[in-house]
There are 2 protein chains.
Amino acid sequence: MRAGTQRPVAHTDRGETSDDDVQRRLSEYISKKGLRQTPQRRLIVDVFLHAGRHLATEELLAEVRKRNPAIGYATVYRTLRLLAESGIAEERHFGDSVTRYERADTEHHDHLICTECGTITEFEEPRIERLQDAVADKHGWTLETHRLELYGICPECTRKRRPTPPRVRK
Amino acid sequence: MRAGTQRPVAHTDRGETSDDDVQRRLSEYISKKGLRQTPQRRLIVDVFLHAGRHLATEELLAEVRKRNPAIGYATVYRTLRLLAESGIAEERHFGDSVTRYERADTEHHDHLICTECGTITEFEEPRIERLQDAVADKHGWTLETHRLELYGICPECTRKRRPTPPRVRK
DNA sequence: TTCCCTGCAAAAGTTTTGCACTACT
DNA sequence: AGTAGTGCAAAACTTTTGCAGGGAA
């Protein structure tokens, strides 16, 4: 949409945009909006990009404070909102009451969530995506995003529930 | 699973269990658990069953107070939790920070949510359900429930956005 | 009579906001 | 220099909990 400055975007083998590229996109957004670069923001973004996925704000705060204990939680909340606005992060709400953020620059995926241990696994299923488009279309909607979460028992918890393989015949 | 007391369950043409039947199931749950029937609970359940779907707790409270202004909000919160525990209601969390409840006795459906006006429309798509089972299976999970939400612009908002059909050619 | 339920107020947990000060640009 | 950002504390919101009194079984 903006010609001239186009640059090939580097992707990792997971479909992720490189961290540098993300930082670049953020800088662009920040200057475009007349906002400012700060050490706090750089730190928070860095932690966000390298942390495991689906980090709750509070978890991220803890991680950030390991590197700079002076950071206030309001700053973290504000920066994560900024990341969401700039399209770099996406807000998620799973069953609990906290907000989680996830990188928005990966290939699309949905989530399997274990109701026993809380493990979150990602998956992709293009056929489901296609059917979603079809549904939206049929109802006259213009789709923007979606959220698909499958709740159940993960393989490990299933194993724990049955310590011995069911070899006995009742 | 419980023989002897079986009774044919009445369903409406939307796949809903009748209100009487729900009240009966709730009474059963209440007495089984040694709990008590109260006027407040009866009122809240009645409002819940007849109200539009996806009511936020606060909305339900307002509705309830129209009929009995003395009801405390803690009672509503507690009763809705009771309904969820008894399997009559299901908790939902859409984008916002409030908890919503929905009748759990209808045929399964998912949601289309308008990001502009907040309208929620329901839909069913068995082919998506089947693919979900397949995904869970492939990853070794035992599925319990799922949640699929499609976010976009509803037909009405789409219309409002384009007051005049795009007849002009730039 | 027992003890579950209610309503109120206070507490808890998460996120937002107001403000004085700091520090990017 | 001008103004957005920060850290702190207080406020806002939603939901839960403690408790004394009331009422269902």
Side-chain angles (χ1 to χ4, degrees), chain A residues 23 26-48 54-86 89-101, chain B residues 23 26-48 54-86 89-101:
Chain A
Q23 293 277 11
L26 182 60
S27 300
E28 221 174 272
Y29 181 85
I30 282 182
S31 61
K32 188 168 55 188
K33 291 271 185 178
L35 308 179
R36 285 168 193 179
Q37 205 66 253
T38 67
Q40 290 91 333
R41 280 183 181 166
R42 272 189 292 272
L43 172 54
I44 292 167
V45 171
D46 191 64
V47 169
F48 171 71
H54 317 111
L55 236 55
T57 309
E58 201 190 318
E59 294 165 347
L60 203 132
L61 172 64
E63 210 56 46
V64 163
R65 281 197 167 155
K66 283 187 192 165
R67 294 215 242 157
N68 179 352
I71 301 241
Y73 53 80
T75 301
V76 173
Y77 276 99
R78 287 187 277 229
T79 302
L80 287 175
R81 227 190 317 166
L82 174 69
L83 288 183
E85 280 161 19
S86 72
E90 263 173 27
E91 246 188 73
R92 297 267 170 200
H93 298 264
F94 294 126
D96 47 12
S97 57
V98 304
T99 305
R100 290 163 195 283
Y101 289 87
Chain B
Q23 292 279 9
L26 182 60
S27 299
E28 221 174 271
Y29 181 85
I30 282 182
S31 61
K32 188 168 57 190
K33 290 272 186 177
L35 309 178
R36 283 168 195 178
Q37 206 65 255
T38 67
Q40 289 91 334
R41 279 181 182 167
R42 272 190 291 271
L43 172 55
I44 292 169
V45 172
D46 191 63
V47 168
F48 171 71
H54 319 112
L55 237 55
T57 309
E58 205 190 349
E59 295 165 346
L60 203 132
L61 172 65
E63 210 56 46
V64 163
R65 281 195 166 156
K66 283 186 193 165
R67 293 215 242 158
N68 180 352
I71 301 240
Y73 54 79
T75 302
V76 173
Y77 277 99
R78 286 188 278 230
T79 302
L80 287 175
R81 227 191 316 166
L82 174 70
L83 288 183
E85 280 161 19
S86 72
E90 262 172 28
E91 245 187 75
R92 297 269 170 198
H93 298 263
F94 295 126
D96 47 12
S97 56
V98 304
T99 305
R100 289 163 197 281
Y101 288 88

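Keep in mind it's a predicted model, so treat the numbers as computed, not measured. Order of the sequence lines sets the chain letters (A, B, ...), proteins ahead of strands, with each chain counted from 1. Only heavy atoms go into these numbers, but all of them, side chains included; no hydrogens, no water, no symmetry mates.
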Next on the checklist: Tell me every residue that passes side chain to side chain contact (heavy atoms under 4.5 Å, CB included) with A/Arg42, counting only those two or more places apart in sequence or in another chain.
Outcome noted: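 Checked A/Arg42 against side chain to side chain contact (heavy atoms under 4.5 Å, CB included); matches are A/Gln37, A/Pro39.
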Next on the checklist: Holding to side chain to side chain contact (heavy atoms under 4.5 Å, CB included), I want the full list of residues that pass it with B/Ala84, two or more places apart in sequence or in another chain.
Outcome noted: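 Expected list: B/Tyr101.
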Next on the checklist: Suppose the criterion is salt bridge (charged side-chain N to carboxylate O under 4.0 Å, His left out): which pairs have a residue in residues 63-75 of chain A, not counting sequence neighbours?
Outcome noted: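 Passing the test, one end in residues 63-75 of chain A: A/Asp46-A/Arg67, A/Glu63-A/Lys66.
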Next on the checklist: Quick check: on DNA chain C, is the nucleotide nearest B/Ala74 upstream (toward 5') of the one nearest B/Gly34, or the reverse? Name the residue that is more 5'.
Outcome noted: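 Between the two, 5'-proximity favours B/Gly34.
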Under 3.5 Å, side-chain donor or acceptor atoms of residues 70-77 of chain A against the rest of the protein: list the pairs with distances, not counting sequence neighbours.
none

Would you indicate whether the side-chain heavy atoms of [Y] and [X] approach each other to under 4.5 Å?
{"X": "B/Leu26", "Y": "B/Leu83", "result": "yes"}
{"X": "A/Leu60", "Y": "A/Ile44", "result": "yes"}
{"X": "B/Leu82", "Y": "B/Leu35", "result": "yes"}

Next on the checklist: Going by the rule salt bridge (charged side-chain N to carboxylate O under 4.0 Å, His left out), which residues pair with B/Glu90 if we only count those two or more places apart in sequence or in a different chain?
Outcome noted: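 Partners of B/Glu90 by the salt bridge (charged side-chain N to carboxylate O under 4.0 Å, His left out) criterion, ordered by chain and then number, come out as B/Arg92.
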Could you check how far [atom1] of [X] sits from [atom2] of [N], rounded to whole Å?
{"X": "B/Glu85", "N": "C/dC5", "atom1": "CD", "atom2": "P", "result": "11 Å"}
{"X": "B/His93", "N": "C/dG13", "atom1": "NE2", "atom2": "P", "result": "17 Å"}
{"X": "B/Arg41", "N": "C/dG7", "atom1": "CZ", "atom2": "P", "result": "11 Å"}
{"X": "B/Leu61", "N": "C/dT6", "atom1": "CG", "atom2": "P", "result": "13 Å"}

Checklist entry - Sequence neighbours excluded, which residues qualify as side chain to side chain donor-acceptor pair (under 3.5 Å) partners of B/Glu58? => result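 Testing B/Glu58 for side chain to side chain donor-acceptor pair (under 3.5 Å), a comparison that skips the adjacent residues, returns none.
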Item to check | Set of side chain to side chain donor-acceptor pair (under 3.5 Å) partners for A/Glu91, sequence neighbours left out | outcome: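 Listed in chain order: A/His93.
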Item to check | OP1 or OP2 of C/dT14 under 4.0 Å from side-chain N/O of A/Thr99 | outcome: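 No.
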Checklist entry - Hey, is the side chain of B/Thr75 poking within less than 4.0 Å of OP1 or OP2 on C/dG7, counting only N and O atoms? => result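 Answer is yes, contact under 4.0 Å.
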Checklist entry - Does any residue of residues 62-73 of chain A have a heavy atom under 4.0 Å from DNA chain D, and if so, which ones, in number order? => result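 Output list: A/Ala70, A/Ile71, A/Gly72, A/Tyr73.
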Checklist entry - Between B/Gln40 and B/Thr79, does a side-chain contact (heavy atoms from CB on, under 4.5 Å) hold up when you go through it step by step? => result CA-CA 9 Å; B/Gln40 289 91 334; B/Thr79 302; 6.0 Å; no
Item to check | Rounded distance (nearest 0.5 Å) linking atom CZ of A/Arg78 with atom CD of A/Glu85 | outcome: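 One finds 12.5 Å between CZ of A/Arg78 and CD of A/Glu85.
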Next on the checklist: Classify B/Arg78 by what it touches in the nucleic acid, base, sugar-phosphate, or nothing, heavy-atom distance under 4.0 Å.
Outcome noted: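 Answer is base: heavy atoms of B/Arg78 come under 4.0 Å of a base.
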Next on the checklist: So if I define the base as every atom that isn't primed, P, OP1 or OP2, how would nucleotides 20-25 of chain C read as a B/S/- string at a heavy-atom cutoff under 4.0 Å?
Outcome noted: ---BBS
Checklist entry - What are the two closest non-hydrogen atoms of B/His54 and B/Glu59, and how far apart are they? => result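 Nearest heavy atoms, B/His54 then B/Glu59: O-OE1, 4.2 Å.
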Next on the checklist: What is the first contacted nucleotide of DNA chain D and what is the last, in 5' to 3' order, if contact means an atom lying under 4.0 angstrom from a heavy atom of chain A?
Outcome noted: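 Counting from the 5' end, contacts occupy D/dG2 to D/dA10.
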Checklist entry - Which angle, rounded to 10°, do you find between the first-five-pair axis and the last-five-pair axis of the helix from C/dT1-D/dA25 to C/dT25-D/dA1? => result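 The two end axes of the helix from C/dT1-D/dA25 to C/dT25-D/dA1 meet at 30°.
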